[in-house]
Amino acid sequence: MTSPIRTELHDDVLVVISDNPPVNALGQAVRQGLKDAIEGALADDRVKAVVIRCDGRTFFAGADITEFGKPPQGPNLPETLDAMEASDKPVVAAIHGTALGGGCEVALACHYRVAVPSAKIGLPEVKLGLIPGAAGTQRLPRLVGAEAALPMVAIGNPIAAKKAQSIGLIDELVGEESLEADAIAFARSKIGQDVPRSSEGTANQDGVKNPDLFDEFRAKQGRKMRGFDAPNAAIEAVKAAGEMPYADGVKKERELFMKLMSGTQSAAMRHYFFAERAANKIDDVPADTEILPIKKVGIIGAGTMGGGIAMNFLSAGIAVTILEMKQDALDRGTSVMRKNYENTAKRGRMTGEQVEQAMGLLTPTLEYDDLADCDLVIEAVFENMDVKKEVFAKLDETVKQGAILASNTSYLDIDEIATATKRPGYVIGLHFFSPANIMKLLEVVRGAKTRGDVLATAMKLSKKIGKVAVVSGVCPGFIGNRMLSKRQEQANQLIMEGANYWDVDDVLLEFGFPMGPFQMGDLAGIDIGWHRDPTKVTTIREALCAVGRFGQKAGKGFYDYDEARQRTPSDEVKQIIADFAAREGSEQRDISKEEIKERLLYPMVNEGAKILDEGMAQRASDIDVVWINGYGWPLFTGGPMFWADTIGLSTVVEGLEKHGLEVSDYLRNKAEKGETFN
Ligand code: 3HC
Ligand code: NAI
């Protein structure tokens, strides 16, 4: 097999080039090639300096994640990088694209780093439940200081080349089109000088002088890090870089790295990494399917969802025409969008100019004719089949042939909606989540007749607007809400049987969800869909509405809220629930948190199994992607299906049986055979 690493001698500078598509991951052959090339350079008297660069779209994007969990094959990355840093001949990293993880560590082991302005550099290992494992946590703080290193190591977002230069991570920015030549010239200018080594840097002393740095960082990031093991390990490693000699710090890093690597969180997060990418692939739609051009989008309905959906496209630079029934609804909708943009600008995440640019792409209208030349129209009107059908019939009449007609329905049958048109092949569900301009998930609902190119276009477009898309078949609630309804059913049942509603919420919080079902109800508003007759009480929610407990907006719902929106369980609500349960003749008992957890989560796994069995999801990992991005399922467990695999499917089956809940044949068979979903 030919090596992915080749070398080219430019007079006295050896250029070492990696060509390992798609992202120059640092697999075994790359590491071997790099090590051989460095050894060759050291042994060759003609070579006075070395430049390391990559072909293709990016500098090394990290270790090869597919090798994780398999028996290691040498040379390992740390020894390869140590050999590189030990060289007395200057070694220069020439960076384009993304130097991530092990790729950033390669750059840190080089004596100098030059980059094109568009490059990004980072240590995203925490996003895989890990910390850098090739001395990144030790070299980076010594080079740039603990304060600058902490967010890079513990949060993992890459930084732009210019910022990297400002903290001392990049030595020089070079021409976008002349990376190699500029890097060679830079390397040549360093010949004969003593080489600086990151491992010998002293910038890490900032953390020694101000040890509070670490606790302050932890306190500030607390909420984001909740439940995750890796960020704490990352902080510990960066701290060690200041407290320990380099060799001991590297040992400490290795210990922390190995512990994380063998744990369930990293396995779950690596599963998610590949799951998100797999979700983009549609089994029977070839990757080279021709995409329909989407230059202009129409939205019907400027309510909560329509406005949010429109913002996605405006922010991506795509023109939107938004239609309402009445002028005041239209005005209200567009002014909410403007306000949202202005708030983002106030928080410094957008410039005033960008706000105007986005709003400038918006055309409000009351006329269907204005949608005639749209390439895609998304309907977000009331959740009512007759209204939806009426809208689709009108769209079919007015919008040009070849345009995609989409519905944002949460539960309704896309195939039935498609019957209102003469072009069911172009009808699709695009189920956004609220707030639609923020939530990452997009369920792409494939109707019986939806064309392959329409699906492929939706998937491609979702990437453009920053969404994570998952294909779902047509079934009530699609993947996400269908499983949610099983959880909700149990949550309601549990409080009828005597469980405290705050215990139900707390169980989910402790599991890692950002909030539980009753907190969620309070946030969304208990009165959504309420008939507004306080004398008609058939559910607990109706009982709460009848006494004005509408949720957070009213200062009280399931919980009482103080000014800071802190929740406290309410005696009034406890009584309302107890009265309601007595009225329904529901026996009361103490219910353990373990039972609550099993009854909330196992039925979701069972429903997921049915969804798979019916072919409503293409693969178990798609279900995980839906739940992690749409409903706050904790990433560090890998999603409901991966989590079920981790605890064992027979555990789930036994739990369901113990509580007298449904076990699907698909789940039971898998459990009996000792199989997993993923
Ligand atoms: N190892 C193996 N495969 C990788 C990979 C990696 N590090 N990074 C990306 N890939 C694969 C993807 O799975 C995908 O495969 P597919 O086409 O079969 O689905 C393909 O490369 C292209 O990836 P993307 O679709 O993500 O391409 P983008 O252009 O959208 O993004 C990227 C490119 C920003 C580099 C992104 O792929 C990425 O973030 N990669 C992971 C970076 C990372 O986490 N690095 C750290 C690894 S851990 C490490 O280095 C440990 C060390 O400290 C010892
Ligand atoms: P909404 O009530 O906030 O907005 C609906 C808007 O559509 C209103 O402004 C209304 O005036 C307008 N409208 C109604 N009929 C119309 C017609 N014939 N022509 C033009 N405009 C019309 O409702 P929301 O929450 O935005 O929901 C819209 C759709 O999105 C529903 O199908 C809903 O199920 C779905 N959805 C809602 C989510 C949510 O969390 N609110 C999440 C995901 C989907």
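Counting starts at 1 for both ligands and their atoms, in listed order. As a basis for the values below, the full set of heavy atoms in this structure was taken, side chains included, without hydrogen atoms, waters or symmetry mates.
Looking at Val381, Asp328, Asn408 and measuring to atom 28 (C) of ligand 2, the nearest heavy atom belongs to Val381.
Checking only distances, Thr409 never comes within under 3.5 Å of ligand 2, N or O to N or O. For a threshold of 3.5 Å applied to N or O pairs, the pair formed by Thr304 and ligand 2 contains at least one separation below that value. Checked by distance only, ligand 2 and Met305 come closer than 3.5 Å through their nitrogen or oxygen atoms.
Salt-bridge annotation for Lys553 and Asp522: absent, with no side-chain N of the basic residue lying under 4.0 Å from a carboxylate O of the acidic one. The pair Glu416-Lys388 does not count as a salt bridge, with every side-chain nitrogen at least 4.0 angstrom from each carboxylate oxygen. The pair Glu85-Arg139 meets the salt-bridge criterion, since a charged nitrogen lies less than 4.0 angstrom from a carboxylate oxygen. Under a 4.0 Å N-O distance rule, the pair Glu276/Lys440 does not qualify as a salt bridge. One finds a salt bridge joining Asp284 and Arg446 here, because a Lys/Arg side-chain nitrogen approaches an Asp/Glu carboxylate oxygen to under 4.0 Å.
For the ligand labelled ligand 2, residue Lys326 lies outside the 4.0 Å heavy-atom shell. For the ligand labelled ligand 2, residue Glu390 lies outside the 4.0 Å heavy-atom shell. Residue contacts with ligand 2 include Phe382, since one or more of its heavy atoms lies under 4.0 Å from the ligand.
Just one of Asn678, Asp283, Asp624 meets the side-chain hydrogen bond (donor to acceptor under 3.5 Å, both in side chains) condition when paired with Arg619; it is Asp283.
In this model, no donor atom of one side chain and acceptor atom of the other lie less than 3.5 Å apart for Ser3 and Gln32. Ser18 and Asn24 share a donor-acceptor pair across their side chains, judged by distance under 3.5 Å alone.
Shown in contact with Val391 at under 4.0 Å from a heavy atom are these atoms of ligand 2, numbered in order with element: 18 (N). Per-residue contacts place Lys388 under 4.0 angstrom from the following atoms of ligand 2 (heavy atoms of the residue considered): 31 (C), 32 (O). Those atoms of ligand 2 that come under 4.0 Å of a heavy atom in Ser410, given as number and element, are 33 (C), 34 (O), 35 (C), 36 (N), 37 (C), 43 (C), 44 (C). Every atom of ligand 2 is numbered from 1 in the order shown, and the set under 4.0 Å from a heavy atom of His431 is 43 (C), 44 (C). Ligand-side atoms of ligand 2 in range of Ile300: 19 (N), 20 (C), range being under 4.0 angstrom from any heavy atom.
Residues of the protein with a heavy atom under 4.0 Å from ligand 1 are Pro22, Val23, Ala25, Arg57, Ala61, Gly62, Ala63, Asp64, Ile65, Phe68, Thr98, Leu100, Gly101, Gly102, Glu105, Pro124, Glu125, Leu128, Pro132, Gly133, Phe273, Phe274, Arg277, Lys281, listed by chain and number.
Both tests do not hold together for Arg270 against Tyr272: distance to the six-membered ring centre under 6.0 Å, angle to the ring axis within 45°.
At least one protein heavy atom sits closer than 4.0 Å to atom 3 (O) of ligand 2.
Glu253 places a side-chain N or O within 3.5 Å of a backbone atom of Gly136 that can act as its donor or acceptor partner.
Considering only residues two or more places apart in sequence or on other chains, Val250 meets the side-chain contact (heavy atoms from CB on, under 4.5 Å) condition with Ala135, Gln138, Tyr246.
Residues Val377 and Ile299 are not in side-chain contact: their nearest non-hydrogen atoms beyond the backbone lie 4.5 Å or more apart.
Looking at atom 5 (C) of ligand 2, its nearest protein heavy atom turns out to be Ala380 O, 3.6 Å.
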